Structures are given as structure tokens and as C-alpha cells.
There are 2 protein chains.
Amino acid sequence: MKERRIPKETIDRLPLYLRCLNKLIDRGEENISSENFSSRLNLNSAQVRKDLSYFGDFGTRGVGYKTEKLASEIRDILNLDKSWSMALVGVGNIGSALLTYRGFDQRVFEVEMAFDRNPDLIGEELNGVEIEDVNNLVDRVSEKNIRIGIVAVPAQAAQEISEKLVEGGVTGILNFAPTLLDIPDDVQLAQVDITKELEQLVYYLQK
Amino acid sequence: MKERRIPKETIDRLPLYLRCLNKLIDRGEENISSENFSSRLNLNSAQVRKDLSYFGDFGTRGVGYKTEKLASEIRDILNLDKSWSMALVGVGNIGSALLTYRGFDQRVFEVEMAFDRNPDLIGEELNGVEIEDVNNLVDRVSEKNIRIGIVAVPAQAAQEISEKLVEGGVTGILNFAPTLLDIPDDVQLAQVDITKELEQLVYYLQK
DNA sequence: CAGTGTGAAGATGTTCACAGCG
DNA sequence: CGCTGTGAACATCTTCACACTG
């Protein structure tokens, strides 16, 4: 195991390795080689080995990696062994979709609170979560010790909301608004930018 | 103007430049320097100049860039001067959110068709779009000459659906399913992977 | 003379190639 | 003998630094 700085691209790929492993485990496969791995994810096998070796010597020479063991190691590395409760702000199109989304592992990620400023929504319940007044956001988030905030409000409101989330003690923000958030360095940001993805996509569609 | 290959990171940033420019134009600013630009987007000013210079000499030495002109150039480069109609597949949580999403410029991107396999949804109308039977996808997409498909179905169905979209003549796919699609090289892929973003986010939340 | 455009230097990430271990 | 782990070579992207121009 080396002590070099870990490239963010490596962190980017860990969730993909994990997904691939889960599929293999479901199928009963016990081992996988970096070569097999890399062909499933279309990348170079040396890449796979290097990525994994940043965190330890997980493989066995001449054999490969044990699927179960490696999956568990990666979950550990990514912090998916804990459970993370999240506060959602903005229960519009995307917000309400997220509240009922089944895509993420419920044992790891859970939307525990939801906020909106629309009086018609406040007090309503969606998927077992009561929608609260966004004016109480700071207090409620810090009260419940929430560490992740999801910003699903219109672009104009996104900066203000993210500041409130940070004030409430959140250390990670998942932003769906198509805008750059200005947040402290010690708060982590992940961006889901649908418009940007589409705009890039059509660039490559020109002939 | 140079003839070097354009880094994909540069394409990545173009939508951000455009957004920033639109804000400035709204405010009535007529010029912007690479320095000013870069501080708004937190990147290096040489980066901005280099990115833009791949496509032409848009700036004026001693002055900067004309906001209107540069915005128009970038729209051109990204192909946002055309209108792109899209076919949405899967009208569940995320799919229906996208059908009513106001985030993207309606004159450029429009969901023109929607498909699902749920008989209860087929025939319903959402935001002016009739939900059609996914079994007719290939024919209908090629009939309407759709070039972009949005995959918003569960992971297990995503590969099959993307193959149908390609068969229908789509050349770009925006995939929301948390799975790697195996598609022909001449079909462009953009991925919106919420779970992956969250998993990466919590990696950085460890202390 | 302020600010662009761009070679050259530097930083970061990927792939090769192979020693070495199980 | 097969496959990992990893230095070294290579490729790509970013930043520096400055010539040059409106």
C-alpha cells in the first residue's frame, strides 16, 4: 500500500467498481481479475490495479480479487458502511422525484427531512417525510445533526439555501441547481447538472 | 486559432462560460476580461483564454471579450443554435420530473415524446406530451427523427432501452440509470449518476 | 498599457512492461 | 504459470510568463 495522494478520478471510479462487484456477487462469482474487471468497465487493467492498490493490497497474485472482500473494502473506503441522512430543500419536480426515488440504497442514504417555502406544500407528507417550512431549515437541520443537504430549488435561490444548510452544520451538498455555489472549502460539493450534460452532449452531435 | 485537438475538459467548461455570460448580459455588462471571468468560476485566467482560443480569436487585447458576441459564439460551438427534440423513456419519478422540468431552455431542448411500459400511464398526457407504449419506441422515434433519447428507466431495463433508441436512429443518449451502457462508438453518451455522486461525496466527508 | 493569445514548463493522470509472489 | 503491484514512460491538462496588439 502506497501513501501517494489519491487522484480524484480514482475516487470517481470506486462506485463503478463496487457496482460491478455487486453484479458479480449476485451471480455467484467469487473472484475477478483486473483484466476481466477492466473489460467490463472499458478501461485499462493497469488502471484497475493501480486504483485499488492505493488503498491496500487487496488482490492475490495469480488469482485476482475476491469479489465479496473487495466489495466490502470499497464500501469501507467510500464510507458506505455508515448510514447518511439527508435534508432535501425544494420539493418541486426534481425534489419530489428524489423523495420517492428508489435508486439509492435505503440503508445508506435516506432523505430524512424536506423543506419548501410553498405554504401549500408545508405540512404535507411525501413518502413518510413531512415537508417543513424552509424558514426553520437552519435550526431543524442542526437539531437533527444532518450532514448532507440536497439543493433542489431554482437557480436564483440555490446560493442562499446552501448558505443556510452550511449554517445548519451540513458538511456536504448535492446541488441540482444549474449554478455555481460559493461555499466554504471544508464543505464538499457534488453537482448534478442536467442542462450542462445536455449542452455538452449536443456539442458532440455535430458532424 | 489553433488546430489542436480540443480537450474534453474545455467542452465541459463551455456551458459554464455561457451561463456566466448570460448573467452578465442580463446585468448589462458589455465586456469581460479573462481575469474577471476566471474569478467568477474559480479557475485560472490562462485557462479561460486557452479554452476560448481553441475556437477562434474572440477577444480584444487590452479590452477583453464582448459578452454578447462571445455568448453567441459559444452557443454556436455547442450547437445550441438549433432546437433539439428528445424522446424520454420511463415516466417514473425522474422521468415525470423531467417532463415538467423548467431548467433547460425550452427553445433549445424539448421533450417531444415520452414512453413507458405501464398500461396505466400509456395514453395519459403530461405537460402536453402523450405517453406512448414503449413497444412502439423504435418506429415512433425514427418516424419523428428524434436524435436524443433520455433513459429514465430502472437499471435492469436501461441497456435494452438504449439499444432500441439507437435502433430508432438516436445519436445521443442521456442516461439516468445507474448502469454502464454498452452502445456503439458513434452514439454519444451523457450520464447523470446521482448515486455515484452521493457515494463520492461521502468519501470526502470522512475526517 | 491592459489584457489577449500562446509556447514552454509544470502537474496530474494513464498505460506500459515487468519483477516478483502465490 | 498467471496475475498483481508498481516504477518508468507516456499522454493529457493546467499554469506560467511574456511577446504582442488594439
Side-chain angles (χ1 to χ4, degrees), chain A residues 1-17 20-21 24 29-71 73-74 77 180 200 203-204, chain B residues 1-17 20-21 24 29-74 77 200 203-204:
Chain A
M1 173 159 178
K2 325 249 292 316
E3 276 310 316
R4 263 195 276 152
R5 221 183 46 68
I6 294 156
K8 51 185 167 339
E9 277 81 357
T10 294
I11 306 302
D12 239 78
R13 284 184 291 265
L14 290 181
L16 305 180
Y17 295 146
C20 186
L21 285 166
L24 292 167
E29 311 269 351
E30 305 210 325
N31 290 285
I32 184 168
S33 67
S34 64
E35 186 60 42
N36 182 342
F37 231 137
S38 70
S39 71
R40 289 170 188 279
L41 299 170
N42 358 303
L43 34 86
N44 184 292
S45 67
Q47 182 83 84
V48 174
R49 293 195 299 277
K50 187 150 277 192
D51 280 347
L52 297 176
S53 75
Y54 282 117
F55 303 98
D57 290 6
F58 300 141
T60 309
R61 286 163 202 242
V63 180
Y65 302 88
K66 294 217 160 297
T67 51
E68 296 265 18
K69 170 153 170 289
L70 184 56
E73 295 283 4
I74 294 178
I77 294 163
L180 236 75
Q200 285 165 222
Y203 168 82
Y204 293 105
Chain B
M1 174 159 178
K2 325 250 291 314
E3 277 308 317
R4 262 196 277 150
R5 221 181 48 67
I6 295 156
K8 51 186 169 337
E9 278 82 356
T10 294
I11 305 302
D12 239 79
R13 285 184 290 265
L14 290 180
L16 305 179
Y17 296 145
C20 185
L21 285 166
L24 292 166
E29 310 270 353
E30 305 209 327
N31 291 285
I32 184 167
S33 66
S34 63
E35 186 62 42
N36 182 341
F37 231 138
S38 70
S39 72
R40 289 169 188 279
L41 298 170
N42 356 300
L43 32 87
N44 184 292
S45 67
Q47 182 83 84
V48 174
R49 294 196 296 278
K50 186 148 280 195
D51 281 347
L52 297 176
S53 76
Y54 283 117
F55 303 99
D57 291 8
F58 299 141
T60 309
R61 285 162 202 244
V63 180
Y65 302 88
K66 293 219 159 298
T67 51
E68 296 264 17
K69 170 152 172 289
L70 184 56
S72 148
E73 294 283 4
I74 294 178
I77 295 162
Q200 284 164 222
Y203 168 82
Y204 293 105

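These numbers were taken from a predicted model, which means no experiment stands behind them. Convention: sequence-line order gives letters A, B, ...; per-chain numbering from 1.
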Nearest whole angstrom, please: distance from the P of dT4(C) to the CZ of Phe55(B).
17 Å
Calculate the interatomic distance between Phe58(A) atom CZ and dG22(C) atom P; express it in whole Å.
17 Å
Passes side-chain contact (heavy atoms from CB on, under 4.5 Å), Gln47(B) versus Arg13(B)? Steps please.
CA-CA 10 Å; Gln47(B) 182 83 84; Arg13(B) 285 184 290 265; 3.0 Å; yes
State whether the distance check finds a donor on one side and an acceptor on the other, under 3.5 Å, for side chain Arg61(B) versus base dT21(D).
no
Do you know the tightest heavy-atom contact between Tyr65(B) and Phe58(B)?
CD2-C, 3.7 Å
Under 4.0 Å between a side-chain N/O of Tyr65(B) and OP1 or OP2 of dA2(C), yes or no?
no
Nearest-nucleotide comparison on DNA chain D, the residue closer to the 5′ end among Ser34(A) and Asn44(B)
Ser34(A)
Rounding to an integer number of Å, can you tell me how far Asp57(A) CG sits from dC3(D) P?
18 Å
Distance criterion of 3.5 Å, no angle test: do you see the side chain of Lys50(A) paired donor-to-acceptor with the base of dT14(C)?
no
When the distance from CG of Asp51(B) to P of dT14(D) is rounded to whole Å, what number comes out?
7 Å
Side chain of Ala46(A) - closest among dG13(C), dG22(C), dT6(D):
dT6(D)
Between Ile6(B) (CD1) and dT14(D) (P), how many Å, whole number?
14 Å
Before giving the answer on side-chain hydrogen bond (donor to acceptor under 3.5 Å, both in side chains), spell out for Tyr17(A) and Asp51(A) the whole-Å C-alpha distance, their side-chain angles and the decisive distance to 0.1 Å.
CA-CA 10 Å; Tyr17(A) 295 146; Asp51(A) 280 347; 2.5 Å; yes
May I ask you to verify if any side-chain N or O of Lys8(A) is less than 4.0 angstrom from the OP1 or OP2 atom of dT12(C)?
no
Flag yes if more than 12 heavy atoms outside Glu30(A) fall under 6.0 Å of its CD atom; otherwise flag no.
no
Distance check needed: dG5(C) C1' versus Glu35(B) CD, whole Å only.
15 Å
Here the distance between atom C1' of dT14(C) and atom OH of Tyr54(A), to the nearest Å, is 9 Å
Atom pair distance, as rounded to whole Å: CD1 in Ile11(A) and C1' in dG13(C):
14 Å
Report yes if a side-chain nitrogen or oxygen of Arg49(B) is closer than 4.0 Å to either non-bridging phosphate oxygen (OP1 or OP2) of dA2(C); otherwise report no.
no
Donor-acceptor contact below 3.5 Å, side chain Ser45(A) vs main chain Ser38(A)
no
